[in-house]
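Reading through the structure tokens given below for one structure.
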There are 2 protein chains.
Amino acid sequence: MTDQSVINRDRTVAERKREKRDPQQRRAEILAAAFACFAERGFAATRMEDVAARAGIAKGTVYLHFPDKERLFTELVSGIASPILGEIDSLVHNEAIPPRFAVSMFYTLFRREVLETERRHLLRLILAEGPLFPAVTEFYHREIITKGLTVLRILLKRAAERGDLRNPLLADMPQIVMSPALLAIIWTTLFEAYEHLDTQKLFDTFLDTLFVPARAAPEGATP
Amino acid sequence: MTDQSVINRDRTVAERKREKRDPQQRRAEILAAAFACFAERGFAATRMEDVAARAGIAKGTVYLHFPDKERLFTELVSGIASPILGEIDSLVHNEAIPPRFAVSMFYTLFRREVLETERRHLLRLILAEGPLFPAVTEFYHREIITKGLTVLRILLKRAAERGDLRNPLLADMPQIVMSPALLAIIWTTLFEAYEHLDTQKLFDTFLDTLFVPARAAPEGATP
DNA sequence: TGTTATAATGACCGACCAGTCAGTCATAAA
DNA sequence: TTTATGACTGACTGGTCGGTCATTATAACA
């Protein structure tokens, strides 16, 4: 017993890997783990140890990459939404795309990229925890909502000028186009267990409500 | 100053009252305080001591009326919504009321009784904390959502038969009528600080989108 | 192989808080 | 006036969890 390290030497099977990683990769792993935890239980109920365990590392390691729990959360929610944006406003720049089709694509994109993925939990998270994190809310309003509304406003104006809208005043209320998407998020994350919502049908019905019925020749509105 | 109330009268400023109350009244006071706290900070961030302080009593007293924090919360959110329901389905039983007017009243009621009161925070609370309290979510789906949708379905069917709907298929998707209300809740509790939303205009525009334009004589749909 | 730099660990600390309970006192009954 | 009641109080407990840091393992390099 001359060597003092003996105390630590005879570790059991449960030994941890203590693997070193590329910092970027480690960071991404932590974010992925945090995403799963926060989406599952919310901000308050998620423990840093849960996140660490899920990432397969020790709690202290998390703090090598993020200063505190709040920053972990805010960086997570700020980082996820951005990729979607790009696709959205490519819809508006191509003027050849009929407005109705563009809005329809908007819904399709939303279904495929948000509703039908784990991202939907994240969106609900922002709604849920928003008031406790004004910075996050402000970010989302500025980066997502404002940009989305701008795109929709342009599309709706174009549609109104072509006589495609059943109610031309819609161009002044782009929020209305967003509302079924919001409903779909809430419903699928809250009530789906009790009553199924057919989101495809929801969006289709809504589109038929916003736009005048399709026509063989979209040019001549009045015969 | 001859009566015994003197003992209670000239207490020093910092002194607590230790006032006895009718249990029902005390209970109501606690619920009111809890409402304010939960609405302001959410479930997790609210301390039982905050609730007690707001009600002007000691923490222990809260536990004389509610077994634990969770029950305080669930009894609170379950108890508040019920009163509104009555008014809603009185709208559907009077067949003389034109459907459009009934839906319009639905929105007006929603604005006056929810959006423009503190109740709006409660509704957001349910959206936010829902997943952590399945019992509450289930209750709301059963008591509020289902009943609301049933009423709307009847109204929309009636409207479709009269030819009032721009898209008759709406009768099969009453959720669509609810969606702007949901948007209004989220917006006013989350984004209002950054960008004002004119909810009156929102609902008016939406009504004009759902229903065919008003006519001098609502009877004859076809001239 | 020995040395150094640093990523990783997890025991530990202290703040926080839900829930408890022994004691207090306003009130009402005797 | 005395006694009994129970609503009310708030210090306390037990447990939880965010965040720290001395120690240890690993990689890179000499």
Side-chain angles (χ1 to χ4, degrees), chain A residues 3-12 14-30 33-34 37-38 41-76 129 132-133, chain B residues 3-12 14-30 33-34 37-38 41-76 129 132-133:
Chain A
D3 186 348
Q4 80 290 356
S5 72
V6 125
I7 310 153
N8 254 329
R9 203 64 347 251
D10 52 1
R11 286 293 183 69
T12 51
E15 194 96 11
R16 188 175 281 293
K17 283 299 190 319
R18 207 181 178 93
E19 194 179 353
K20 284 199 184 185
R21 282 294 176 90
D22 168 50
Q24 285 308 312
Q25 195 180 341
R26 184 63 16 119
R27 200 186 145 86
E29 286 170 2
I30 295 172
C37 292
F38 285 134
R41 328 225 21 222
F43 178 81
T46 295
R47 298 176 307 137
M48 290 301 266
E49 236 171 303
D50 298 337
V51 175
R54 197 136 185 172
I57 57 177
K59 187 166 69 156
T61 309
V62 178
Y63 285 91
L64 297 176
H65 297 265
F66 299 91
D68 55 33
K69 190 182 179 185
E70 185 165 333
R71 284 289 293 278
L72 174 60
F73 180 78
T74 55
E75 293 206 19
L76 174 71
E129 316 274 8
L132 258 48
F133 302 95
Chain B
D3 66 79
Q4 79 293 353
S5 73
V6 124
I7 308 154
N8 247 330
R9 215 62 358 242
D10 55 0
R11 282 293 177 72
T12 52
E15 198 93 13
R16 188 175 281 294
K17 283 299 190 318
R18 203 187 178 89
E19 198 176 352
K20 282 199 183 183
R21 283 295 175 88
D22 168 49
Q24 285 308 313
Q25 195 180 342
R26 183 60 16 118
R27 201 185 144 85
E29 284 171 1
I30 295 172
C37 293
F38 285 135
R41 327 227 21 224
F43 179 80
T46 294
R47 297 177 306 138
M48 290 301 264
E49 233 169 305
D50 298 338
V51 175
R54 197 135 185 172
I57 56 176
K59 188 166 72 156
T61 309
V62 177
Y63 286 91
L64 298 177
H65 296 266
F66 299 92
D68 55 34
K69 191 183 179 184
E70 185 164 332
R71 284 288 294 277
L72 173 61
F73 180 79
T74 55
E75 293 206 18
L76 175 70
E129 314 276 7
L132 258 47
F133 302 95

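Note: hydrogens, waters and symmetry copies are ignored here, and every other heavy atom, side chains too, is used. Below, chain A is the first sequence line, B the second, and so on; all start at residue 1.
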For B:Phe43 and B:Phe73, take the angle between the two ring planes, folded into 0 to 90°, and tell me which bin it lands in: parallel under 30, tilted 30 to 60, perpendicular over 60. perpendicular
Determine whether a donor-acceptor pair (N or O, by modelled atom type, separation under 3.5 Å) exists between the side chain of A:Lys59 and the backbone of A:Arg47. no
Any side-chain N or O of A:Thr61 below 4.0 angstrom from OP1/OP2 of C:dT9? yes
Return no unless some side-chain N or O of A:His65 is found under 4.0 Å from OP1 or OP2 of C:dA7. no
Rounded interatomic separation in angstrom, taking [atom1] from [X] and [atom2] from [N]:
| X | N | atom1 | atom2 | answer |
| --- | --- | --- | --- | --- |
| B:Leu64 | C:dC21 | CG | C1' | 11 Å |
| B:Arg26 | D:dG6 | CZ | C1' | 13 Å |
| A:Arg27 | C:dA8 | CZ | P | 14 Å |
| B:Gln25 | D:dA7 | CD | P | 15 Å |

I would like to know whether B:Lys69 and B:Leu72 meet side chain to side chain contact (heavy atoms under 4.5 Å, CB included); could you show each step before the answer? CA-CA 5 Å; B:Lys69 191 183 179 184; B:Leu72 173 61; 5.6 Å; no
Quick one: closest heavy-atom pair of A:Leu132 and B:Ala45, and the distance? CD2-CB, 4.5 Å
Closest approach of A:Phe38 to A:Leu76 (non-hydrogen atoms, all atoms of both residues): CD1-CD2, 3.7 Å
The ring-ring contact (aromatic ring centres under 6.0 Å, His included) partners of A:Phe66 (sequence neighbours excluded) come to none
With sugar-phosphate taken as primed atoms, P, OP1 and OP2 and all else as base, the protein-contact string of nucleotides 15-22 of chain D at under 4.0 Å (heavy atoms; B, S, -) is --SBBB--
